[in-house]
Amino acid sequence: MIELVRHVRLWFAPQEIREEGGTPDYRFSLANERTFLAWLRTALALIAGGFAVDQFLPDLRWAWRAGLALALLVAGVLCSLRAVNHWVRCERAMRRGEDLPVSRFPAVLSIVVAVVAVAMVVVVLVGWAG
């Protein structure tokens, strides 16, 4: 728990990361930042998709609409939080000369998006009203 609090604190105090290890090649830090921004774009797209499902499919049963929208919105929130956490973990690993951290999050996010997509296919094929 204490390590989690330390990681979250580093989200808002990146200058403390500089105290660890040596400075990596700036190209690696910039690549890490580009990856962070790509995750944020993904999070924004998921959030926009959640709002789109809720706003533009009013004839869809409420349970379907709410479930699909919430799945996308939650995935977007988790993706944005994971982005900053992964950025900090990678930056620290590069400064320490360690292997970059691995994560199951991309696989989990892919499964959530695939499940929502399959549900949307079912909705389109079966029809919206119900």
Side-chain angles (χ1 to χ4, degrees):
M1 182 66 170
I2 293 173
E3 188 64 22
L4 174 66
V5 171
R6 185 171 190 282
H7 277 287
V8 171
R9 190 171 48 82
L10 287 175
W11 296 1
F12 303 101
Q15 66 277 5
E16 291 185 26
I17 295 173
R18 290 184 175 175
E19 297 171 7
E20 297 187 32
T23 303
D25 186 333
Y26 72 92
R27 293 174 292 184
F28 298 127
S29 290
L30 292 174
N32 189 29
E33 186 175 329
R34 284 191 302 273
T35 302
F36 165 75
L37 294 172
W39 278 103
L40 283 185
R41 285 190 302 272
T42 302
L44 288 170
L46 290 165
I47 291 167
F51 279 116
V53 166
D54 184 54
Q55 294 299 308
F56 297 119
L57 300 175
D59 296 333
L60 189 60
R61 282 187 189 176
W62 180 85
W64 273 99
R65 192 175 78 235
L68 294 172
L70 286 175
L72 291 170
L73 291 169
V74 168
V77 168
L78 292 176
C79 190
S80 65
L81 294 174
R82 181 66 180 133
V84 69
N85 184 53
H86 189 70
W87 175 80
V88 167
R89 291 174 59 216
C90 286
E91 198 64 31
R92 289 178 73 199
M94 288 188 298
R95 295 188 72 79
R96 294 175 175 175
E98 300 172 352
D99 289 339
L100 294 179
V102 296
S103 174
R104 291 184 185 104
F105 184 78
V108 172
L109 181 63
S110 296
I111 290 169
V112 168
V113 170
V115 167
V116 170
V118 168
M120 290 302 295
V121 167
V122 169
V123 166
V124 168
L125 293 176
V126 172
W128 295 358

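The shown structure was predicted, so the numbers you read here are calculated from the model rather than taken from an experiment.
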| said: If you count every heavy atom of other residues, nucleotides or ligands that lies below 6.0 Å from D99 atom CG, does the total exceed 12? | reply: no
| message | Minimum heavy-atom separation for A43 and S80, please, with both atom names. | response | CB-N, 3.7 Å
| Heavy atoms of other groups near R18 CZ, more than 12 under 6.0 Å | no
| query | Which atom pair, heavy atoms only, marks the closest approach of H86 to N32? | reply | O-OD1, 4.5 Å
| note | Looking only at heavy atoms, the pair that brings L100 and M94 closest together is CD2-CG, 3.7 Å
| task | Search all heavy atoms of G76 against all heavy atoms of I47 and return the closest pair with its distance. | result | CA-CG1, 3.9 Å
| Minimum heavy-atom distance L109-W39, with the two atoms named | CD2-CZ3, 3.6 Å
| task | Evaluate side-chain contact (heavy atoms from CB on, under 4.5 Å) for F105 paired with C79, printing each intermediate quantity in order. | result | CA-CA 8 Å; F105 184 78; C79 190; 4.2 Å; yes
| request: Would you please test S103 and R89 for side chain to side chain donor-acceptor pair (under 3.5 Å) and show each step? | output: CA-CA 11 Å; S103 174; R89 291 174 59 216; 5.2 Å; no
| task | Could I get the full list of ring pair (Phe, Tyr, Trp, His ring centres under 6.0 Å) partners for W64, not counting sequence neighbours? | result | none
| request: Taking the side chain as every heavy atom from C-beta outward, state whether T35 and W87 have any pair of such atoms under 4.5 Å apart. | output: no
| task | Say whether V112 and L81 are linked into one hydrophobic cluster, either directly or through other cluster members, by side-chain heavy-atom distances under 4.5 angstrom. | result | no
| Are any of the side-chain heavy atoms of L10 and R92 separated by less than 4.5 Å? | yes
| query | Does L46 belong to the same Ile/Leu/Val/Met/Phe/Trp/Tyr cluster as V123, with side-chain heavy atoms less than 4.5 Å apart forming each link? | reply | yes
| task | Group every Ile, Leu, Val, Met, Phe, Trp and Tyr by side-chain heavy-atom contacts under 4.5 Å, then state whether V77 and F36 land in the same group. | result | yes
| field | Nearest heavy-atom neighbours spanning A69 and D54 | value | CB-CB, 4.0 Å
| query | Would R95 and E20 pass as an ion pair if we require N to O under 4.0 Å? | reply | no
